[in-house]
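For reference, the structure discussed in these notes is given below.
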Amino acid sequence: MAGSPLAWIMAFALAAVAGLILPLRLPLGPNAWDTVVYLDAIQRIELGQVPTIDFFAPIGPLGFYFAAALDIAFPQAQPMLLINWALLPVMLPVLALIAAEVSRRSRPQALALVLPFLLFAALPINLHGLYPSPGFDGYGFYNRHVALLLYLLIATLIFVQRRGLRIGLVAVLMLALFLTKVTGAVSGTLLVGYATQSGRMRFRDAVIAAGFVILALGVLELATGLCSAYVQDILTLLGLNTDTLLPRFLTVASVKFNVIGPSLLLLAALAYASWRDGLPTTLADWRAMADAPIGWFAVGLFALALFETQNTGSLEFIGLWPIVLPLLLDWWERREDRMRPVVLVLVLAVTLPSAVICLERGMRAMMGAATYVALDVPDLGPLGRISVKRDIAARATAMLDHYATQPEGYRDLIRRDILPSYTLYSEIDYQATWMLEIQQAITAIKAWESANKRELNGFFTFDFVDPLNRLLERAPPRVVPVGVDPGRSTPDLQPGTIEALRQTDAMLMPKCPVTTPREMIRSHFAAALEGRERIALAPCWDMYLRK
């Protein structure tokens, strides 16, 4: 059983189900409030709203819908796990089909494809840490989803030989990539296009797969109108993010030099070996080289780097493993080749850092959590099932009071257009303070409603994310984005946005601390404040009440 790829996949699926059922408490990590983007979208979907139609979203709808389905099945699941595993119902069957196909030729090769995938899919871990203390990453979920889907796509193109199965898997994975994040679909298209040019996949088969994708999107468009709205959101995001690609490639190269550096050396070694053995002389020979590991490695590295230029937090370059595996097997057999040890060492240098970092960060988080304490946020439900170091918990409580009693210094920072810390949102103590700030809001809202004998119909918070509607089971306004990030994912006001906000009873201004982004969000939606009564709801909150 230990050598069966399908047994490993089944065991992983059962472990994931257990993880979603059990009331697990996870160690808090940087940017953890990104989790609320999904929770907000989940609640809106459950109330009948449609992503990209009823609200602007910076990513595709697939992850939202699968997370919403899992939320119905596992309502008490820890959100970081629920969202991290949202696409497993798509990915594990695809992995099982690939494993079954490869097992027909070599069970060890199938296991070598399955185990790395399960390792990277297991925990909410990114391969680049933003904070020195161990914790799980409550951000970058959709980037991790795309990285795993690209892993499966590359494995399909290289290892699946049966024509019908390959066409079906390519169609499913390309559709999933497009509906998860369009930049993943761009990289996937490059890979499929290269497969046709190198002879790995017939052009006719690629067209058939593309036809299935277009047919599925056409049906979805006719039924919901979602696809055209999604394309419009993509164009809006392109207008908001106009940075050139070169600086982003340099950023990727610097952040992931532990992979990029050895990869470039490996390409150089493979190029030298090809030159030494004699360059191709015919078109057929050149095409054979294009389909060889050197060609796939070069294109795979570029396609994955292109995707990572649009990311903050991911499983960077894990898709290289299905490309490197045939290379490793080939050069392992070349016992008389003097280049053999060089290539094998470089292969290890390319692949091991990602696996080691994933294991190290995951184990640090789980081992560190044994000494962590729960944060006092009883009204946050599963979102509040997190833990932090004891001194961070004490600091978060103290900082909440400090922000409330010393606001002027932070208003001075707003005038200077800078945050209290350059890496404020990546700091775990701030994320803990934010959760305490939300708890304070819930306590104050409940007290105000009890005293005034009025149940507010919904909330809109001038902040990046807004968990209050979900936590208090109220209705979020329509035509309002999820994840309001000024200048990055906040488009111009859409028709109906202000009217929808005017029908919402309470608009809330968090003040612990006041920051430039919070003030920018308030200014962006300021028209909806007209005619409202300002109430000092709590030390960290002002409420603008609809009369």
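One is the number of the first residue; the rest follow in order along the sequence.
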Check your understanding: Is there a donor-acceptor contact under 3.5 Å from the side chain of Trp85 to the main chain of Ala122?
Key -> yes
Review point. What distance do Asp71 atom CG and Arg470 atom CZ have between them, rounded to the nearest 0.5 Å?
Key: 4.5 Å
Review point. With a 4.5 Å limit on heavy-atom distance, are the side chains of Phe66 and Thr180 in contact?
Key: no
Point to revise | Charged N-O contact under 4.0 Å between Arg340 and Glu336 | key: no
Point to revise | Separation between CG of Leu148 and CG of Leu315, rounded to the nearest 0.5 Å | key: 5.5 Å
Exercise for review: Carefully, step by step, assess Tyr151 and Trp321 under the rule ring pair (Phe, Tyr, Trp, His ring centres under 6.0 Å).
Suggested key: CA-CA 8 Å; Tyr151 181 106; Trp321 174 245; 8.5 Å; no
Review point. Taking it one step at a time, do Leu169 and Leu97 satisfy side chain to side chain contact (heavy atoms under 4.5 Å, CB included)?
Key: CA-CA 9 Å; Leu169 292 181; Leu97 289 171; 3.9 Å; yes
Revision key, fill the gap. Taken to the nearest 0.5 Å, the spacing of Leu237 CG from Gln232 CD works out to 10.5 Å
Point to revise | Backbone N/O of Pro326 and side chain of Asp330: donor-acceptor pair under 3.5 Å | key: no
Practice item. Write down the atom of Asp233, the atom of Phe55, and the distance for their closest heavy-atom approach. Key: OD2-O, 4.5 Å
Review point. Hey, what do you get for NZ (Lys256) to CD1 (Ile357), rounding to the nearest 0.5 Å?
Key: 4.5 Å
Check your understanding: Donor-acceptor pair, Arg105 side chain versus Phe159 backbone, under 3.5 Å?
Key -> yes
Check your understanding: Just wondering, are more than 12 heavy atoms of other shown residues or ligands nearer than 6.0 Å to CZ in Arg338?
Key -> no
Point to revise | Within 6.0 angstrom of Phe212 CZ, more than 12 heavy atoms from elsewhere | key: no
Review point. How close do Ser314 and Glu316 get, heavy atom to heavy atom, and via which atoms?
Key: O-OE1, 3.0 Å
Exercise for review: Indicate yes or no: at least one non-hydrogen side-chain atom of Ile323 is less than 4.5 angstrom from one of Val299.
Suggested key: no
Check your understanding: Any salt bridge between Asp137 and Arg361, counting N to O under 4.0 Å?
Key -> yes
**Study point:** Backbone N/O of Gln76 and side chain of Arg385: donor-acceptor pair under 3.5 Å
**Key:** yes
Review point. What heavy-atom pair brings Trp331 and Val343 nearest, and what distance separates the two atoms?
Key: CG-CG1, 3.7 Å
Practice item. May I ask you to test the Lys181-Phe307 pair for a side-chain heavy-atom distance under 4.5 Å? Key: yes
Review point. Is there a side-chain contact between Thr251 and Thr309 (heavy atoms, below 4.5 Å)?
Key: no
Check your understanding: Checking side chain to side chain contact (heavy atoms under 4.5 Å, CB included) for the pair Trp434/Tyr425: CA distance, chi angles, key distance, verdict?
Key -> CA-CA 10 Å; Trp434 175 80; Tyr425 306 128; over 6 Å; no
Practice item. Heavy atoms only: give me the nearest Tyr139-Pro30 pair and the separation to one decimal. Key: CD2-O, 3.3 Å
**Study point:** Lys/Arg N to Asp/Glu carboxylate O, Asp40 vs Arg44, below 4.0 Å
**Key:** yes
Practice item. Apply side chain to side chain donor-acceptor pair (under 3.5 Å) to Asn258 and list each qualifying residue two or more places apart in sequence or on a separate chain. Key: none
Check your understanding: Can you find a heavy atom in the side chain of Trp296 that is under 4.5 Å from one in the side chain of Leu157?
Key -> yes
Check your understanding: Quick check: does any side chain N or O of Arg287 sit under 3.5 Å from a backbone N or O of Gln197, one acting as donor and the other as acceptor?
Key -> yes
Check your understanding: Are the side chain of Thr490 and the backbone N or O of Asp485 linked by a donor-acceptor pair below 3.5 Å?
Key -> yes
Exercise for review: Any chance you could lay out the side chain to side chain contact (heavy atoms under 4.5 Å, CB included) test for Asp34 and Val465, step after step, and finish with the verdict?
Suggested key: CA-CA 7 Å; Asp34 279 35; Val465 289; 5.9 Å; no
**Study point:** Candidate list Leu39, Val37, Ile42, test side chain to side chain contact (heavy atoms under 4.5 Å, CB included), partner Val482, passing option
**Key:** Val37
Check your understanding: Does some side-chain heavy atom of Ile158 sit less than 4.5 Å from a side-chain heavy atom of Leu325?
Key -> no
Exercise for review: Determine whether Phe297 and Leu266 make a side-chain contact, defined as any pair of heavy atoms from C-beta on separated by less than 4.5 Å.
Suggested key: yes
Point to revise | Residue Glu221 excluded, over 12 heavy atoms near CD under 6.0 Å | key: yes
Practice item. Compare all side-chain heavy atoms of Leu301 with those of Leu267 and state whether any distance is below 4.5 angstrom. Key: yes
Review point. Parallel, tilted or perpendicular: which fits the ring planes of Phe302 and Phe249, with parallel below 30° and perpendicular above 60°?
Key: parallel
Review point. Roughly how far, to the nearest 0.5 Å, is the CD1 atom of Ile208 from the CZ atom of Phe203?
Key: 11.0 Å
Point to revise | Check against side chain to side chain contact (heavy atoms under 4.5 Å, CB included), Val350 and Phe317 | key: CA-CA 9 Å; Val350 168; Phe317 297 104; over 6 Å; no
Revision key, fill the gap. Correct closest heavy-atom pair for Leu24 and Gln78 would be O-CG, 3.3 Å
Exercise for review: Output yes when a side-chain donor or acceptor of Gln109 lies under 3.5 Å from a complementary backbone atom of Val102, and no otherwise.
Suggested key: no
Check your understanding: Can you name the nearest heavy-atom pair linking Met80 to Thr35, along with the distance?
Key -> CG-OG1, 3.9 Å
Check your understanding: Between the main-chain N or O of Thr423 and the side-chain N or O of Tyr430, is there a donor-acceptor pair closer than 3.5 Å?
Key -> no
Review point. About how many Å separate OG of Ser426 and CD of Gln431, when rounded to the nearest 0.5 Å?
Key: 8.0 Å
